[in-house]
Each structure stands twice: as C-alpha cells, then as structure tokens.
Amino acid sequence: MDTKPFNNERIERARKQVKRIKGFYTHLLIYVVVNLIFVFINIQNLDPGESYFQLRNFITFGTWGIAIIIHALSVFLPNFVFGSDWEERKIKKFMEKEEKHQQWD
C-alpha cells in the first residue's frame, strides 16, 4: 500500500489548519488594536464629567467581538457543527455522484 498520498494529504490538511489559525490570530490582533484606538478616541471625545460607559462606545467592540467568537469556533472547533468527518463524507458523496453521472454518459 502506497502511504505517500496519505501523508501528502495529511500534510496539506495540517498546512490549511495552520493557515486558518494564523488568520484567526491576525484577525484577533487587528480587533484588539482597532478597539484600543477606539477607546482612546472615545475617551478624548468625552465631555468633562461624562461617563465612558455608554452604549455607543461598545457597539463596535460587541458586534465585532461576536464575529471573533464565531471565527474562533470555526477554527478551533470545526467539528462542533459538522462532526469530525463531515468533510471526508461530503467529498466521498460528491465523488460517488460524479461517478454515477459518468456511467450514464
């Protein structure tokens, strides 16, 4: 049995996962930096005695924070929604469908 394609497939999957993790950490870093800039700007624009804790100061933080959580779940828990072998099952299904289609041609 030739294990080389299997190893290449595993290496490719590992590379894709590393790329997804890197993308998440880049997204997280941008989120932190941009929100720190917004905090600084919002503090500079406060009137004397005005509280920082207003809804308008947390809208970007909160909505983008939800997107960060969804991104994290998709990267670190991809099996949470689809199951552990969803991708392999779908590929097999499409290949079988294509094979049946070619038989009729």
Side-chain angles (χ1 to χ4, degrees):
M1 180 176 161
D2 185 21
T3 59
K4 195 163 184 118
F6 177 71
N7 289 335
N8 288 339
E9 187 177 306
R10 288 178 60 199
I11 290 169
E12 189 58 35
R13 261 189 280 158
R15 282 186 178 140
K16 284 181 182 178
Q17 183 62 16
V18 167
K19 187 175 180 178
R20 289 168 44 108
I21 292 169
K22 183 179 176 184
F24 168 74
Y25 284 129
T26 301
H27 187 186
L28 182 63
L29 178 65
I30 292 169
Y31 169 79
V32 169
V33 170
V34 168
N35 277 290
L36 285 173
I37 292 169
F38 282 167
V39 167
F40 179 75
I41 290 170
N42 290 339
I43 288 173
Q44 296 298 316
N45 291 331
L46 287 177
D47 293 331
E50 185 179 19
S51 174
Y52 180 81
F53 297 100
Q54 301 172 35
L55 180 61
R56 66 187 167 119
N57 292 334
F58 294 96
I59 290 174
T60 303
F61 174 77
T63 54
W64 196 355
I66 291 169
I68 287 285
I69 291 169
I70 291 169
H71 192 174
L73 289 174
S74 74
V75 170
F76 296 108
L77 296 175
N79 302 332
F80 182 70
V81 175
F82 295 113
S84 61
D85 62 346
W86 178 84
E87 189 172 322
E88 286 80 18
R89 285 182 289 145
K90 278 301 208 186
I91 290 170
K92 185 177 178 180
K93 182 179 176 183
F94 285 127
M95 288 173 67
E96 288 171 355
K97 185 178 178 182
E98 180 69 25
E99 192 174 299
K100 286 179 185 178
H101 180 68
Q102 286 179 355
Q103 288 175 352
W104 290 102
D105 289 340

- Query: Quick one: side-chain contact (heavy atoms from CB on, under 4.5 Å) partners of Ala72, sequence neighbours excluded?
  - Reply: Phe24, Phe76
- Task: Could you grab the distance from atom NE2 of His71 to atom OG1 of Thr26, nearest 0.5 Å is fine?
- Result: 9.0 Å
- Taking atom CG of Asn8 and atom CZ of Arg15, what is their separation to the nearest 0.5 Å? 8.5 Å
- Message: Would you say that Gln17 contacts Val75 through its side chain, given a criterion of any heavy-atom pair below 4.5 Å between the two side chains?
- Response: yes
Using atom types as modelled, flag every donor-acceptor pair under 3.5 Å from a side chain in residues 33-44 to any protein atom, sequence neighbours excluded.
residue: Asn35; atom: ND2; partner: Tyr31; partner atom: O; Å: 2.8
residue: Asn42; atom: ND2; partner: Phe38; partner atom: O; Å: 3.2
residue: Asn42; atom: ND2; partner: Asn57; partner atom: OD1; Å: 3.3

- Message: Using a 4.5 Å cut-off between side-chain heavy atoms of Ile, Leu, Val, Met, Phe, Trp and Tyr, which other residues end up in the same hydrophobic cluster as Ile70?
- Response: Ile66
- Roughly how far, to the nearest 0.5 Å, is the CD1 atom of Ile68 from the CD1 atom of Ile30? 9.0 Å
- Message: Please give the remaining members of the hydrophobic cluster of Val18, linking ILVMFWY side chains under 4.5 Å, ordered by chain and number.
- Response: none
- Listed partners of Tyr25 passing ring-ring contact (aromatic ring centres under 6.0 Å, His included), at least two apart: none
- Item | Sub-4.5 Å side-chain heavy-atom contact between Glu12 and Glu9 | no
- Query: Is there any salt bridge (Lys or Arg N to Asp or Glu O under 4.0 Å) pair reaching into residues 32-52, and which pairs are they, with sequence neighbours excluded?
  - Reply: Glu50-Arg56
